[in-house]
Amino acid sequence: MLQSALAVTAPPQANLNFSAHDFPKNKIAACAPPSPFLPLLHRCRSTSEVYQVHGAIIKSGEGHDRFLLFQLLRRCSSLHSIDYASRIFESVKQPDVYHWTALIAGIVAGDFPLDAVLLYSQMMGESIAPDAVLISYVLKACGSQMALEEGKQIHGQVLKLSFGFERAVLMRLIGLYGGCGEFADAKKVFDEMPDRDAVAGTVLISCYSDRGLIDEALGVFCGVPERDTVCWTSMIDGLVRNGREMAAVNLFREMQRENVQPNEITIVCLLSACARLGALQLGKWVDSYLGKYGIRRNTFVCSTLIDMYCKCGSVEEAMKVFDGMPRRDVISYNSMIAGLAVHGKSLEAVQLYRKMIRLGFKPTHITFVAVLNACSHGGLVDLGFEMFESMEKVHGLLPEVEHYGCMVDLLGRVGRLQDAFDMIQEMRVEPDHVIWGALLGACRIHGNLALAKKIGQILISSEKADSGTFVLLANSYSSFGKWEDAARMRAILRERGMQKEPGCSSIEIDNELHEFLLGDIKHPQRKEIYEKLEEMTVLVKKEGYSPAKSEVLQDVQDQEKQWALAIHSERLAICFGLISTKPGKTIRVMKNLRVCGDCHSMIKLIAKVTGRKIVVRDRNRFHHFEDGSCSCGDYW
DNA sequence: ATAGGGTTAG
């Protein structure tokens, strides 16, 4: 029984001006002219149009023409109208392998791809020989559903039927094995192919990248002799998705040197690398490069540009791109709303959301993550609840853990800790580290150690306690000055061979990204950087800054190390920015963790005494420092 | 006679 077999319903009528009378019935026997229905069928853009052409075909008396039925099947399948395709298939007397293939192609692209395997064996049962094209479709279904066992069986038949040299089949086998993580088999198929095919290589590269095996992906990439745009793009994408953004940018430069034209997708991947790096200059260069290389500014590219500009700290540039778009989709709105939210422009984010709804766009889950995020950064509790409740009631979207997370964050920040705690207890999804982390952060802001400890107990006694749990608790305990508890958590982490992510900040100077670790002394200009830091420390102390040692010292023994560790990476990056750019120029720094309170108050004063704007992206949001204050209003 | 490849932002 096919899962997809549903009752066939008549499609809605479209107004197409033709009837059976428009087409001559009498054929010239000697050489049959091509059917006039073919171009019509080709032009069909919806099932209802196919339905009308089908009707016309029947009226013209050609309703049993096997070739026309095949073409009808193909059209239905490509329009994802599986029910209608099934019905046409039923009307074919003794369908041949082409009819089966056309039907199965539709099934593979539908909601229940593995039905293709059932149909395939049904066909075999009727003693119809499969060909390589059909088998490649069935293998595609197995690959997309990770149906390794079924795939292996079909692989066996491939060998028996001598299709082991068919390119389409081999391609699908690589996708199947690679997608299932069976890389020995995937590589074997790839290596046995007659040439080092760029497409097969691309399949394998993306399978390796999906599983974080980036070096293996690079190995395959290097072994492909004639790499096309897609192959380069998949490698660049793999690097970006595996945290190797700089390598991705360098690979793009190499691609240019080899004169391989990038396409829109290449650019999307490259912009995504810029966004993650926070490399604004690089991102601007990519933007300016588009027109010259014939890259169309489609909604995909523009949405990525918006995302890139927002994540690189320039919400103004993002807005320019957004305003300049001839057409927008929900994703363009999502990117822009999320960008406004993360820059603390809560009301603007909500206004844009309302505009989007007014214009008739259907919001997605991502839209609500962005909007609720805006509410929580802005402390807009009532509005947040209104939005949260409208998700399900008005838009039919069930809240997910991220949405509850935003609500917990919102409630926690304004001090409604018990309400936030109750929300976690009552929600219908499993709490994750992010959501407990949000509440622990709120406990710190509002000085509620008791609740923090209670959460710690819940987390440790839960079966899913992992490295993330202990990192979270270590941070939480140190924020309360509970050094012994924090040390205990870090000891557990060490025992298990896990480490906290080290703090790291970066700044882009003259198109080059400079990275600084906590207390870093590796930079060639370290002397000037530390002198600048010394100078700043003196200046900000005059403005009333006093270092809050408790945030940084912790349990480090060695005196010198203690001194080095006291210097958070963002301070080094900012000081490097101060000595490397002209006075008055905005300084933009990216940090992988959240900025601490001590650095936050120091940076406010650095902005004041130097007269600079300083933009810091931390793990959660942006801080725009200017003249002694921060856009977050010290609420983050 | 007939069909068939890979990569995509939040």
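As the structure is a computational prediction, the values presented were derived from the model and not from experiment. Per chain, numbering begins at 1; letters A, B, ... match sequence-line order.
- Sequence neighbours left out, the pairs with a member in residues 180-205 of chain A that pass ring-ring contact (aromatic ring centres under 6.0 Å, His included) are Phe183(A)-Tyr208(A).
- Closest to the Val268(A) side chain, of the nucleotides dA3(B), dG6(B), dA9(B), is dA9(B).
- Listed in residue order, the members of residues 396-410 of chain A having a heavy atom less than 4.0 Å from DNA chain B come to none.
- A sub-4.0 Å separation between OP1 or OP2 of dG6(B) and a side-chain N or O of Arg227(A) is absent.
- Listed in residue order, the members of residues 198-206 of chain A having a heavy atom less than 4.0 Å from DNA chain B are Val199(A), Val203(A).
- Within the structure, salt bridge (Lys or Arg N to Asp or Glu O under 4.0 Å) pairs that include any residue of residues 299-324 of chain A comprise Asp307(A)-Lys311(A), Glu317(A)-Lys320(A) (at least two apart or interchain).
- Applying the ring-ring contact (aromatic ring centres under 6.0 Å, His included) test to residues at least two apart or on different chains, the pairs with a partner in residues 246-267 of chain A are Phe252(A)-Tyr289(A).
- Contact annotation for Gln71(A): no contact, since no heavy-atom pair falls under 4.0 Å across all strands.
- Residues from residues 344-353 of chain A with heavy atoms under 4.0 angstrom of DNA chain B: there are none.
- Among residue pairs with one or both ends in residues 281-295 of chain A, those qualifying as salt bridge (Lys or Arg N to Asp or Glu O under 4.0 Å) are Asp287(A)-Arg297(A); sequence neighbours excluded.
- Interface residues of residues 126-143 of chain A facing DNA chain B, ordered by number: Asp131(A), Val133(A), Tyr137(A); criterion, heavy-atom separation under 4.0 Å.
- Residues in residues 341-369 of chain A take part in these salt bridge (Lys or Arg N to Asp or Glu O under 4.0 Å) pairs, two or more places apart or across chains: Arg354(A)-Glu386(A).
- Glu126(A) meets the salt bridge (charged side-chain N to carboxylate O under 4.0 Å, His left out) test with no other residue; sequence neighbours excluded.
- Sequence neighbours left out, the pairs with a member in residues 317-337 of chain A that pass ring-ring contact (aromatic ring centres under 6.0 Å, His included) are Phe322(A)-Tyr333(A), Tyr333(A)-Phe361(A).
- The stretch residues 302-326 of chain A comes close to DNA chain B through Ser303(A), Thr304(A), Asp307(A), Lys311(A), each having a heavy atom under 4.0 Å from the strand.
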